[in-house]
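Each ligand, and each atom within it, is numbered from 1 in the order the structure gives.
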Amino acid sequence: MLDTIQMRHDLGEIYDLAPNVKLANAMSAEYARMSRVVNPVDWAIHAPYVAAINKLKKERGAVILAHNYMTPAIYHGVADVVGDSLQLAIKATEVQEDVIVQCGVHFMAETSKILNPEKTVLIPDMDAGCSLAESITAPDIAKMRAQYPGAPVVTYVNTTAEVKAASDICCTSSNAAQIVAAQDSDTVIMTPDKYLAQNVAAMVPEKKIVWYDGACIVHEQYTAKDLDDFRDWNPGTRIIAHPECPPDVVAASDFSGSTSGIIDYVTREKPEKAMLVTECSMASNISDALPEVDFVGPCNMCPYMKMITLEKILWSLHTMSAEVHVDTAVAQKARVAVQRMIDTSRALGL
Ligand code: 13P
Ligand code: SF4
């Protein structure tokens, strides 16, 4: 576990991290991308970290890959690449830099390492997990295979390297239905997200899909009644849900897609009012680019994603920690499942 008190003390000895209005004003281009959601005082607090990270990133020859759930200061201030799980995995195969700092949760950093065994992959907080990744083990996959002999195992990328290694192919929320449809079998095992599996089952009725009992602690909290109530209180609101939500929530929404699918939809449609049924930072990150859209409605925070902070990113680059390692034999097998997903996605034009 990170010793945050020590980290703060040590960083303060080396870098000038005091709130700095002059620096904040000089960094107005970065601020313009988040000014609707980050107040000027907070920006004066963030700016010294953003400046220090961007300088150190160059010195270390590092690239920052950030998930769409990162806070606006990370997403707009220090990230070199932003995206959903599939985009980040593909981008990880293309970056030139020797060091990848993964601003997201552990399974994402592991995926980058699996695809880049020769690169140094850092995660600013090793404890940034995921309820889905924690819900299933490789022996659980073996049990499902025994129950449904011959059925291919399609595993969500929100899993450990060991679980990926025990699977036939991976998927993300942006390609799950197409990956399942492409399997040469009437029965398909989907793990670990039962809701994603149920949502895919509705889209691919020709397959018998059997699922594991995992769920995302952020998206399982939404109910169809919440959405109905919300429509009553805010008539005309476009409701957009991530497919990790329960099927009745997805059915009650106007659109469902991966985090990047959601961003693309709102950017294209520009609804007057939008409710994003997903993690909080999603609306914040696109707010400034879409001033015509009023983002309304509740949002839930992912406690794991929010463990990644500017302070920890600076510490990670300063100390070149925490480095993500994956056992070579496990990585080799997991790479097959991840690469199959990437290849199938490319072949399908996704
Ligand atoms: P996306 O692949 O849609 O970005 O989802 C990742 C995730 O963890 C959502 O909770
Ligand atoms: Fe995992 Fe849910 Fe957090 Fe995504 S939002 S990282 S699925 S716990």
Using a 3.5 Å cut-off and no angle test, enumerate the donor-acceptor pairs between side-chain atoms of residues 235-243 and protein atoms at least two apart in sequence or in another chain.
residue	atom	partner	partner atom	Å
Thr237	OG1	Asn234	O	2.7
Arg238	NH1	Tyr265	OH	2.8
Arg238	NH1	Glu269	OE1	2.9
His242	ND1	Glu244	N	3.1
His242	NE2	Ser173	OG	3.4

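- Each of Asp140, Thr155, Asp193, Thr191 was scored for a side-chain hydrogen bond (donor to acceptor under 3.5 Å, both in side chains) with Tyr212, with one residue passing: Asp140.
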Evaluation steps, ring pair (Phe, Tyr, Trp, His ring centres under 6.0 Å), between Tyr15 and His318: CA-CA 10 Å; Tyr15 302 93; His318 178 70; 5.5 Å; yes

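- Looking at Cys130, Ser131, Cys216 one by one, the single match for side chain to side chain contact (heavy atoms under 4.5 Å, CB included) with Asn158 turns out to be Cys130.
- Put simply, the side chain of Val101 does not reach to within 4.5 Å of the side chain of Leu65, judged on heavy atoms.
- Taking Cys302 as the reference, nothing meets the disulfide (SG to SG under 2.5 Å) condition, with sequence neighbours excluded.
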If you look at each N/O of ligand 1, which protein N/O atoms lie under 3.5 Å away, and at what distance?
residue	atom	partner	partner atom	Å
ligand 1	2 (O)	Ser85	N	3.1
ligand 1	2 (O)	Ser85	OG	2.7
ligand 1	2 (O)	Ser173	OG	3.4
ligand 1	3 (O)	Ser173	OG	2.7
ligand 1	3 (O)	His242	NE2	2.8
ligand 1	3 (O)	Thr259	N	2.9
ligand 1	4 (O)	His67	NE2	2.6
ligand 1	4 (O)	Ser85	N	3.4
ligand 1	4 (O)	Thr259	OG1	2.6
ligand 1	5 (O)	His242	NE2	3.4
ligand 1	8 (O)	Asn158	ND2	3.2
ligand 1	10 (O)	Tyr69	OH	3.3
ligand 1	10 (O)	Glu244	OE1	2.8
ligand 1	10 (O)	Glu244	OE2	3.3

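- Distances shorter than 2.8 Å separate atom 2 (Fe) of ligand 2 from the protein N/O/S atoms Cys216 SG.
- For the residue pair Thr278 and Tyr69, a side-chain donor N or O sits within less than 3.5 Å of a side-chain acceptor on the partner.
- In this structure, Met190 and Cys171 have side chains that are in contact, with non-hydrogen atoms separated by less than 4.5 Å.
- Contact between Val249 and Leu227 at its shortest, heavy atoms only, is O-CD2, 3.4 Å.
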